[in-house]
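Notes for the one structure printed next.
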Amino acid sequence: MIPQRASYRDIPLYAPPKRPCRVDLSDNTNLFGAPPSVERAFHAAVSRVPRYPKGYAPDLRQALAASLGAKPEAVTTGCGSDDVIDSALRAFLEPGDTLAFQDPTFVMVPLFAKVNGLRPVPVPLTSRHDVDADALLATGAKVLYLCSPNNPTGTALSRAAVERVVDGASGIVIIDEAYAEFARGRDFLDLARTRPNVLVTRTFSKAFGLAGLRVGWGLGSPELVAEVEKARGPYKVSSVAEAVACEVLTKDGEWVRARAEDAVACRERLRSELTSLGLSPLPSEANFLMVPLPGALTVAEQMRERDVNVRAFASLTGVGDALRIGVGPWPLMEAALAALRESLR
Ligand code: PMP
């Protein structure tokens with residue numbers, strides 16, 4: 001008999017329904033491809049492979065700090081922003097503590113809570129998809145998690161509500177900005193710079209087109225970041241990933257910005273096509289659209305039979321059943337629309 005940790009008994013492995021499909025719009029990655037510097041940087045990094053990376057990714061930390069006009073000590077990095085969020089939870093919460101978060105939100109958050117022995121407390125978003133600051137603060141949790149633009153709704157939080165949360169919080173506020181590059185300036189990095197208790201997390205997996213390399217980062221006060229680095233531990237960013245991320249950050253900014261603009265344009269074109277099908281996608285500041293649709297799980301399965309994979313959700317708080325459709329080059333959107341039309345028939 002393998003001894004089992006009691007709190008792990010009902011933890012599922014992360015396995016969204018997937019099957020190889022010609023068009024995969026299910027994970028909100030950069031469907032326009034990888035940035036131009038990747039290939040050369042990747043090959044140049046091969047010589048680093050036999051040795052360990054530097055412990056806490058100092059080159060990437062330095063490059064991010066320079067691009068943000070921040071001190072390197074205010075930046076932490078990790079194996080995806082998943083790792084940054086998970087490390088922050090470990091850094092500030094003891095097993096048995098509460099993690100409060102907006103609901104719906106990123107599906108991994110309640111899972112990270114369970115893996116760290118925490119009590120997950122979801123707090124429904126308001127009918128306008130904003131954070132309910134009073135209800136979140138009333139949980140008394142030492143760590144509050146916000147996400148803007150939010151996965152899976154795509155909606156952005158208002159500055160007033162986020163500032164209310166930050167002003168009233170007795171502990172740490174994590175603001176997950178995995179999709180900030182699509183939000184045209186609606187971000188909260190300024191709070192990470194000015195408030196000692198705010199950690200903003202970002203990723204190279206979405207707009208930056210490096211999901212397979214697994215690199216994420218966070219910005220916060222040096223005191224806060226020092227605790228996250230302890231929980232993170234060394235060697236979380238591979239030497240190849242660090243080198244490529246540095247190169248893309250310094251050389252490919254224009255490509256990233258242009259593709260994010262393309263994604264936003266395709267998103268709004270997709271919105272008008274979906275609206276003409278009688279659907280009502282939620283407002284989105286991300287590179288995907290959430291489309292409320294009763295029976296979404298069945299519709300998604302039918303779309304997979306037509307070689308198009310989108311993510312379906314059932315009974316989401318305040319939304320109900322819904323499809324989440326990732327946005328990319330228009331021919332992919334046409335394929336998704338064709339599969340959706342046939343599946344709705
Ligand atoms: N936050 C949000 C809101 C996400 O949607 C995702 C990825 N789906 C992540 C964080 C994690 O991204 P990564 O670990 O690839 O940086």
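Both ligands and their constituent atoms are indexed starting at 1 by order of listing.
Between Arg195 and Asp167 there is a side-chain heavy-atom pair separated by less than 4.5 Å. Within the 4.5 Å cutoff, the side chain of Val143 has no heavy atoms near those of the Phe101 side chain. No side-chain heavy atom of Leu144 sits under 4.5 Å from any side-chain heavy atom of Ile172.
Near Thr203, the atoms of ligand 1 lying under 4.0 angstrom from a non-hydrogen atom of the residue are 13 (P), 15 (O), 16 (O). Residue contact check: Ser205 has heavy atoms under 4.0 Å from atoms 13 (P), 15 (O), 16 (O) of ligand 1. Of all atoms in ligand 1, numbered sequentially from 1 with element shown, those under 4.0 Å from a heavy atom of Asn151 are 3 (C), 4 (C), 5 (O).
The only member of Arg51, Arg48, Lys54 that meets side-chain contact (heavy atoms from CB on, under 4.5 Å) when paired with Ser239 is Arg48.
For Tyr179, the heavy-atom gap to ligand 1 drops under 4.0 angstrom. For the pair Cys147 and ligand 1, a heavy-atom separation below 4.0 Å is found. For the ligand labelled ligand 1, residue Ala178 lies inside the 4.0 Å heavy-atom shell.
Taking a cutoff of 4.0 Å between a charged side-chain nitrogen and a carboxylate oxygen, Arg19 and Glu301 qualify as a salt bridge.
The single protein non-hydrogen atom nearest to atom 9 (C) of ligand 1 is Phe106 CZ, 3.3 Å, given as residue, atom name and distance. Counting only heavy atoms of the protein, atom 8 (N) of ligand 1 lies nearest to Lys206 NZ, 3.0 Å. Looking at atom 1 (N) of ligand 1, its nearest protein heavy atom turns out to be Asp176 OD2, 2.6 Å. Looking only at protein heavy atoms, the nearest one to atom 12 (O) of ligand 1 is Ser81 OG, 3.3 Å. Nearest to atom 11 (C) of ligand 1 among the protein's heavy atoms is Asp82 OD1, 3.1 Å.
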Open item on the list: Run the side chain to side chain contact (heavy atoms under 4.5 Å, CB included) test on Ser343 and Arg306 for me, step by step, so that the C-alpha distance in whole Å, both residues' side-chain angles and the decisive distance to 0.1 Å come before the verdict.
Closed with: CA-CA 9 Å; Ser343 303; Arg306 292 171 172 84; 3.5 Å; yes
Listed pairs under 3.5 Å, donor-acceptor, residues 259-267 side chains, sequence neighbours left out:
from: Arg259; atom 1: NE; to: Asp262; atom 2: OD2; distance (Å): 2.8
from: Arg259; atom 1: NH2; to: Asp262; atom 2: OD2; distance (Å): 3.0
from: Arg267; atom 1: NE; to: Ser284; atom 2: O; distance (Å): 3.4
from: Arg267; atom 1: NH1; to: Ser284; atom 2: O; distance (Å): 3.3
from: Arg267; atom 1: NH1; to: Ala286; atom 2: O; distance (Å): 2.8
from: Arg267; atom 1: NH2; to: Ser284; atom 2: O; distance (Å): 3.0

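Summarising the hydrophobic clusters (Ile, Leu, Val, Met, Phe, Trp, Tyr; side-chain heavy atoms under 4.5 Å, direct or chained), the residues clustered with Trp330 are Val23, Leu25, Leu31, Leu270, Leu274, Leu277, Leu279, Leu289, Val291, Leu293, Val299, Met303, Val308, Val310, Leu323, Ile325, Val327, Leu332, Met333, Leu337, Leu340, Leu344.
Checking only distances, Asn28 never comes within under 3.5 Å of ligand 1, N or O to N or O. Considering backbone and side-chain atoms alike, Arg214 places an N or O below 3.5 Å from some N or O of ligand 1.
Between Tyr235 and Tyr52, the ring planes lie parallel to each other; the angle is under 30°, not in the 30° to 60° tilted range.
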